[in-house]
Structure formats: structure tokens, C-alpha cells
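Written below as C-alpha cells is the structure these notes are about.
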2 protein chains.
Amino acid sequence: MKIPKPTVKRLGLYYRCLSRYKEEGVNFVSSQDIAERLNIKPSQVRKDLSYFGNFGKRGLGYSVNKLLGEIAFIIGVNKEWNVAIIGAGNLGSALANYPGLLKHKFNVVAIFDNDREKVGKKIGGITVTHISDLKEMVQEKNIEIAVIAVPESAAQYVAEQVEDSGVKGIVNFSPIKLRVNIPVEDVDITLSFETLAYTIIMGDNAFILEDDE
Amino acid sequence: MKIPKPTVKRLGLYYRCLSRYKEEGVNFVSSQDIAERLNIKPSQVRKDLSYFGNFGKRGLGYSVNKLLGEIAFIIGVNKEWNVAIIGAGNLGSALANYPGLLKHKFNVVAIFDNDREKVGKKIGGITVTHISDLKEMVQEKNIEIAVIAVPESAAQYVAEQVEDSGVKGIVNFSPIKLRVNIPVEDVDITLSFETLAYTIIMGDNAFILEDDE
DNA sequence: TAGATTGTTAATCGATTAACAATC
DNA sequence: TAGATTGTTAATCGATTAACAATC
């Protein structure tokens, strides 16, 4: 069965939402409860979950603990991922210390840069390695995910190095479309600002233009 | 006429793509050229542009300069935006120096934090201000966009302060759904990692599960 | 003119939502 | 049992794509 990409994205949101319910000591939640917190429709929650199994009890809702476990299994929360950050600039440094990654299953185990000045320095407890040692380190440290946080001009070249090194996927913070044969997840920060700007300009007419525009 | 949200997102991509063509000295491009670089279909490029006008010449394609101008007008590239960053941690600091914003139309003019230790220090040439002065600074510096780069636990509270201050839109780096009545653009870094992880796990069967799963 | 490429329509594809029988 | 809520179907909505007449 084909799982819609938006469903996969929402699985992560469900997981976080349920974690909060657990913290709050809630044992059972309905699709309505989840939907309200996430600003979506209850039928969407039920449909998303139904791709993977029957996790709820009619009349009762979902056991927070059970559903957490099921989703954890689906999105592979139990697995640990070793991550390399390429680019020891401001963004790369911030990501190396990013609590959202640290407290989850993503362990930053290496930082690379091509600047000999930066090599050997420590960022968030990790020594910066020269990019020429990428492949070696990937094998040695069993790195599966690479983060591209280098300037636009270097991004494609770096991506090819990464692909060649045996890394399995890329989180790409550069604004270009990478041409590689491994999965890439784009985080386009500038584009988010531009989209917001457009939305603000359009005001209440967001995404609506008059015929004569 | 209603403009699909994905179309708005792509407008920013077209703009960048055309900027590169201009740098390369190219004067005319076809929808096919653009589509190839962006890994989308030519008919999508044409359809997206057709929401806003007839910018091309049949048989010839689009004038790079003219189309750049048209898109700049649509997405409001000519307007300058004053941006405040809330949260002077690693991520906030990185964003204050982020080249992708600096070289575009987004000027970071203020950084806020609630930590008295940080207030008064300089980040990327900007002095950190205490969050209690938010409203005052927003008026004074004409700030229209706020970036939320604070811990999850503070995000909703900060968002309400931001809304109250008169800011027009939020770029939200926290992992929660903000409940405010101004436009919000979410940048969910952790979710991008999770989605990538899922895609890697699924391998060639990405987003496909067998019936018996 | 002949070749190329647009702008636009109609068909297809994919995702969301409402509705409701099943059932706890 | 009566009330609540699931799981699933079918309807709707929205976005992408192919196809092609218009035309540079």
C-alpha cells in the first residue's frame, strides 16, 4: 500500500503530541483530541493511522502508551542514527548543538569543513575534521546521515562527495536542488521567509488574486 | 483566482533559478530549461506562471530579465523586511548571521532573549535586547517579521507576546503548532530528520508498505 | 515558412474530509 | 444498554500533468 508523504510527516507530529499527553499523565486520547492540538481534522488522524493498523478501541479512543509504541516502531524511533555535519559555519555549529536532535535519536558524531583554520577546533565537544577525510570517517563512525550546511557554491560538490562516501541520506540546508541518488530532505530557510512575506502581503486574501491582477 | 500554496513556494525557486541564469549570461530560457534544473515538469512551470500573466513568447521562451522582474514584483522582492530574532541561543545566533537572509531582503535588526546574562552582548553586530522591550522595539524599528528560536517550553508564550507587539508574521523554528492569529511559517528541523530517516528505512519502497505489514 | 514553445484545457492523480456502519 | 469513537468507504477537493491549438 502506498503511504502519502504528508501522512509520513504527520506521524512525527503525532508522536510528539502523544509524548506530551504522556507527560501530562493522560492514558487515552481520541482522534479528536489529537486533531485539535494539531489543527487538523479527526478523520485525517484516523485515516493516517489506519494505513498501519488498527490501534484504537471504538468508543474509547487510543491508548497513549500503545500508540506511542506503534508509531515509534513505524518511524524507527528506536533506531539510533549517526549524523555528520558538513560545514562548520554558524549554521553547522548551531546544528551540532541543536537540542531537538540531541534529545532524539540523531547523534552528531562528526563535523567537517574545508577550512584548515577550523580543522582541529572543537564545536559542541566534537573536533572539526577536514572534508578530505569524509569517506574514511563515514566508514569508521558508521555515519548514515549527512547535513549539508555549506555555502550554495559548494553544495553540489559536497553532496557528491557525501554520496560517494556511503552515507544513506542528506538533510540539505543549501538553497539548491541537489543531484544525487540518495534521499534528500530539503530545509529551505530563505524560502520559508519568502513564503511568509508573500502571505503577509496578500493579507486576508492570501493565495487569492483578483481576476484583474 | 486562487493560487495553490505549492505554486507560491515554487515562485521563490524560479526566482533563484533565473538569477543563476542571469549570472551565467543567459537571456532566454524555456519552461523546459527551468523545469530541468528544478526537477519538475515544464507544464508545471508554465501553469504556475500563467496564474500571474503571460510572460513568455511562444517559440522563444521567457526573457530572463523580464521574468525576474515579474516574479520579483509578485513575491515582493523589492520590499525590505525588518526581522527580529527571539532567542539568542545557537540557532538564533546562526540565523542572525545567516547569509541567505542578509543578502536578500530580510534585515535582522534586533535580537531578544529573556536571559539577563545575554542582554547587552553583541551577536553579528546586533546588541541583544531583553524580551520585555519587545513591543517597544517592534514599533521603533518597524519590525514586521519575528523568528521564534526559543525552547519548545517558551514558544507559545513568546508567540503571544510577538502577536501582541504588532509583528505581522512569524517564522517558527520550535516544534509546536503556534496558536496565534498572524501568519506562521514552520521550519521543523527535527521533523525533516525524521522524515529522512523514514525514507531511508523504507529504501526503494519509500512510502510503500506491503499488504501484510 | 518550419520549428519551437507558450498558454490553457481537460484528464489524471493524490490527499482530505464527511459520513456512517461497526463495535467498544 | 446507550453513548462514544473507531475504521473505512465514498465524495470532494486540490494539484499535477499531458496534450494541443495558438502563435512567435
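Small disclaimer: the values here were computed from a predicted structure and weren't measured. We name chains A, B, ... by the order of the sequence lines, and we start the count at 1 in each one.
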What side-chain donor-acceptor pairs closer than 3.5 Å can you find for residues 149-162 of chain B, not counting sequence neighbours?
unit_1  : atom_1 : unit_2  : atom_2 : d
Q156(B) : OE1    : R179(B) : N      : 3.0
Q156(B) : NE2    : E160(B) : OE2    : 2.6
Q156(B) : NE2    : R179(B) : O      : 3.2

Task: Sidechain-backbone polar pair: E144(B) side chain, V138(B) backbone, donor-acceptor under 3.5 Å - done: no
Open item on the list: Can you confirm whether F28(B) sits close enough to V64(B) that some side-chain heavy atom of one is under 4.5 Å from a side-chain heavy atom of the other?
Closed with: no
- [ ] Indicate for each nucleotide in nucleotides 3-10 of chain D, in 5' to 3' sequence, whether protein heavy atoms under 4.0 Å reach the base (B), only the sugar-phosphate (S), or nothing (-).
- [x] -BBBBBB-
TODO: Please examine the side chains of E185(A) and I170(A), heavy atoms only from C-beta on, and report whether any two atoms are closer than 4.5 Å.
DONE: no
Task: Rounded distance (Å) that lies between atom C1' of dG14(C) and atom CZ of R10(A) - done: 12 Å
- [ ] In whole angstrom, give the distance that lies between atom CD of Q44(A) and atom P of dT12(D).
- [x] 18 Å
Open item on the list: Would the distance check show the side chain of N39(A) and the main-chain N or O of A35(A) forming a donor-acceptor pair, the cut-off being under 3.5 Å?
Closed with: no
Task: Separation of atom NZ in K5(A) from atom C1' in dA15(D), rounded to whole Å - done: 16 Å
- [ ] Kindly confirm or rule out a cation-pi arrangement of R16(B) over Y21(B), judged by NZ or CZ under 6.0 Å from the six-membered ring centre and within 45° of its axis?
- [x] no
Task: Where DNA chain D forms stems, i.e. three or more consecutive Watson-Crick or G-U pairs with both distances under 3.5 Å - done: C:3-24 with D:3-24
Task: Nearest-neighbour nucleotide for the P4(A) side chain, dT16(C), dA15(C), dT17(D) considered - done: dA15(C)
Task: W81(A) and F106(A) aromatic ring geometry - parallel, tilted or perpendicular at 30°/60° bounds - done: parallel
Open item on the list: side-chain contact (heavy atoms from CB on, under 4.5 Å), that's the test. Do V187(B) and V187(A) meet it? Break it down for me.
Closed with: CA-CA 7 Å; V187(B) 181; V187(A) 181; 3.7 Å; yes
